[in-house]
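Right, one structure below, let's go through it.
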Number of protein chains: 2
Amino acid sequence: MTQVAAHKASRRTPADKHDARRKALAESALRTLGELGYARSSLREIANNSEFSHGVVHYYFSDKLELIVYCVRYYKETCVHRYDGVVAEATSPEDLAERFGDKLVETIVEEAPMHRLWYDLRSQSMFEESLREAVTQIDQSLEDMIGRIVDRYATLADTEPALPTHVAYGMFDGIFQQALLGHLNGRDGALEDLRAQVVGLMPMLLTPKA
Amino acid sequence: MTQVAAHKASRRTPADKHDARRKALAESALRTLGELGYARSSLREIANNSEFSHGVVHYYFSDKLELIVYCVRYYKETCVHRYDGVVAEATSPEDLAERFGDKLVETIVEEAPMHRLWYDLRSQSMFEESLREAVTQIDQSLEDMIGRIVDRYATLADTEPALPTHVAYGMFDGIFQQALLGHLNGRDGALEDLRAQVVGLMPMLLTPKA
DNA sequence: GAAAACTCTTGACAGTCGTCAAGATTCGCG
DNA sequence: CGCGAATCTTGACGACTGTCAAGAGTTTTC
């Protein structure tokens with residue numbers, strides 16, 4: 001289908017125009033998905049919030065599910081390195097902890113719809129087997145992200161992590177989710193609490209220096 | 001509507017037969033909801049898995065949403081004291097930690113559908129405002145439950161909790177959710193990991209003895 | 001500039017959904 | 001028993017869903 005293209009890669013439109021369109025569609029879809037959630041986002045609604053008509057979805061995606069999964073993977077690519085700057089720029093354990101806390105708060109402020117969508121999809125994957133592979137991969141990449149932060153934190157503190165990455169990820173994910181819920185509920189202080197909790201929790205992740 | 005009843009409370013059917021039926025309906029609905037999730041549980045499907053027909057729902061509930069919320073609240077009542085035995089029977093900090101870990105594992109084994117439903121509904125509440133009040137209340141009662149455990153743990157260890165209940169709840173909820181996901185994905189060791197993680201984590205919740 | 005390939009729109013399809021009204025059935029009480 | 005209220009079933013409604021086919025519009029190719 002996609003390899004019809006023109007011999008070599010002439011100018012810049014071999015067949016990755018397909019991919020560009022898929023990405024454009026995914027971005028539109030993500031806006032709608034973040035607003036309505038997985039269940040109530042119909043293809044027509046998704047198309048209405050884009051420059052396309054509802055039929056075009058089946059030209060670029062075989063399925064509604066393929067669109068959704070593509071969207072989630074696309075979202076993951078753009079998000080999984082959000083904390084790389086924290087790791088790169090931190091100069092001390094305390095500095096890293098504060099930058100990390102700030103970044104988590106910033107993430108909720110700026111991307112709450114994307115994250116509630118993520119939790120929505122992860123919950124759906126508990127019922128819908130066809131979502132599990134994608135969800136598992138994304139969860140793993142998020143865990144790796146946390147792992148990089150904790151490792152760097154331990155290195156800066158001249159010691160080692162006290163917990164497996166899996167546990168640290170579960171913990172941060174849990175309190176992040178609580179903060180997101182609080183934020184969406186309009187609970188004052190939810191974000192400041194998150195920041196303080198993270199800063200307070202980080203030292204516990206380290207083995208005491210010998 | 002419900003106060004039509006017969007003057008005083010004759011035998012045992014004044015009008016709380018209504019309530020009994022609502023509970024019966026809720027139990028059926030919970031079975032279906034736990035299997036299919038919130039989004040794909042239609043009233044017809046719920047009714048099919050019960051002894052009633054699909055129309056009867058609107059005799060006992062004004063809305064689909066009212067049924068769902070009633071179900072969630074009903075589920076909460078039966079579940080919020082699951083760990084009371086742990087608190088009551090533990091004889092030492094280590095004993096409590098182990099009992100708690102065992103109970104968490106047992107919960108996943110026996111009630112995975114109910115818990116994925118809970119996470120589903122909590123995610124939905126991020127999009128659907130009408131679910132938030134019920135979800136917030138349940139989340140609070142779960143947090144209280146964790147609080148009782150941690151308090152008792154601290155008392156047995158003759159010290160005090162090192163973290164606010166809110167944080168402890170977020171952490172346990174996070175690793176529980178990861179374990180549930182792992183369990184549903186068929187990942188071997190997910191449950192044993194959970195048990196070990198809990199036992200390993202508990203001491204961190206305490207302030208070192210003076 | 002015509003033909004072919006690609007892209008997109010439109011409209012229809014079969015199915016499902018929540019809701020509700022009309023009527024059948026059951027129950028409780030005199 | 002018999003009557004009236006409570007309970008439940010049935011069937012229909014309008015709206016919405018994912019999907020897809022037919023064709024219009026656009027771009028590419030020779």
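Labels below follow one simple rule: chain letters A, B, ... track the order of the sequence lines, proteins then strands, and each chain is numbered from 1. What you see below is based on every heavy atom in this structure, not just the backbone, and it leaves out hydrogens, waters and symmetry mates.
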Query raised in the report: Residues two or more places apart in sequence or in another chain: which of them pass side-chain hydrogen bond (donor to acceptor under 3.5 Å, both in side chains) with Gln137(B)?
Result: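 Gln137(B): side-chain hydrogen bond (donor to acceptor under 3.5 Å, both in side chains) contacts with Arg73(B).
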Query raised in the report: Side chains of Tyr119(B) and Asp173(B): donor-acceptor distance under 3.5 Å anywhere?
Result: yes
Please report the distance, rounded to the nearest Å, between [atom1] in [X] and [atom2] in [N].
X: Leu36(B); N: dT16(C); atom1: CG; atom2: P; value: 14 Å
X: Tyr38(B); N: dG18(C); atom1: OH; atom2: C1'; value: 12 Å
X: Lys17(B); N: dT26(C); atom1: NZ; atom2: P; value: 13 Å
X: His18(B); N: dA6(D); atom1: NE2; atom2: P; value: 10 Å
X: Phe52(B); N: dT7(D); atom1: CZ; atom2: P; value: 12 Å
X: Asn48(B); N: dC8(D); atom1: CG; atom2: P; value: 17 Å
X: Leu67(A); N: dC20(D); atom1: CG; atom2: P; value: 15 Å
X: Ile46(B); N: dC17(C); atom1: CD1; atom2: C1'; value: 12 Å

Query raised in the report: If you look at every heavy atom in Arg195(B) and Gly101(B), which pair is closest and at what distance?
Result: CG-C, 4.1 Å
Under-3.5 Å N/O pairs linking protein and nucleotides 16-19 of chain D:
from	atom 1	to	atom 2	distance (Å)
dT17(D)	OP1	Ser42(A)	OG	3.2
dG18(D)	OP1	Lys64(A)	NZ	2.7
dG18(D)	OP2	Leu43(A)	N	2.9
dG18(D)	N7	Arg44(A)	NH1	2.8
dG18(D)	O6	Arg44(A)	NH2	3.0
dT19(D)	OP1	Asp63(A)	OD1	3.2
dT19(D)	OP2	His58(A)	NE2	3.1
dT19(D)	OP2	Lys64(A)	N	3.1
dT19(D)	O5'	His58(A)	NE2	3.4
dT19(D)	O4	Arg44(A)	NH2	3.3

Query - His18(A) and Tyr59(A) aromatic ring geometry - parallel, tilted or perpendicular at 30°/60° bounds - result: tilted
Requested in this report: Look at the side-chain N and O atoms of Tyr59(B) and state whether any lies under 4.0 Å from the OP1 or OP2 oxygen of dC8(D).
Outcome: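 Checking dC8(D) against Tyr59(B), no side-chain N or O comes under 4.0 Å of OP1 or OP2.
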Report task. Using the ring of Tyr70(B) (Phe, Tyr or Trp, six-membered ring only), decide whether Arg22(B) places NZ or CZ under 6.0 Å from its centre and within 45 degrees of its axis. Result -> yes
Query raised in the report: With a 4.0 Å cut-off, would you call Glu35(B) and Arg116(B) a salt bridge?
Result: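 Looking at Glu35(B) and Arg116(B), the cut-off is met.
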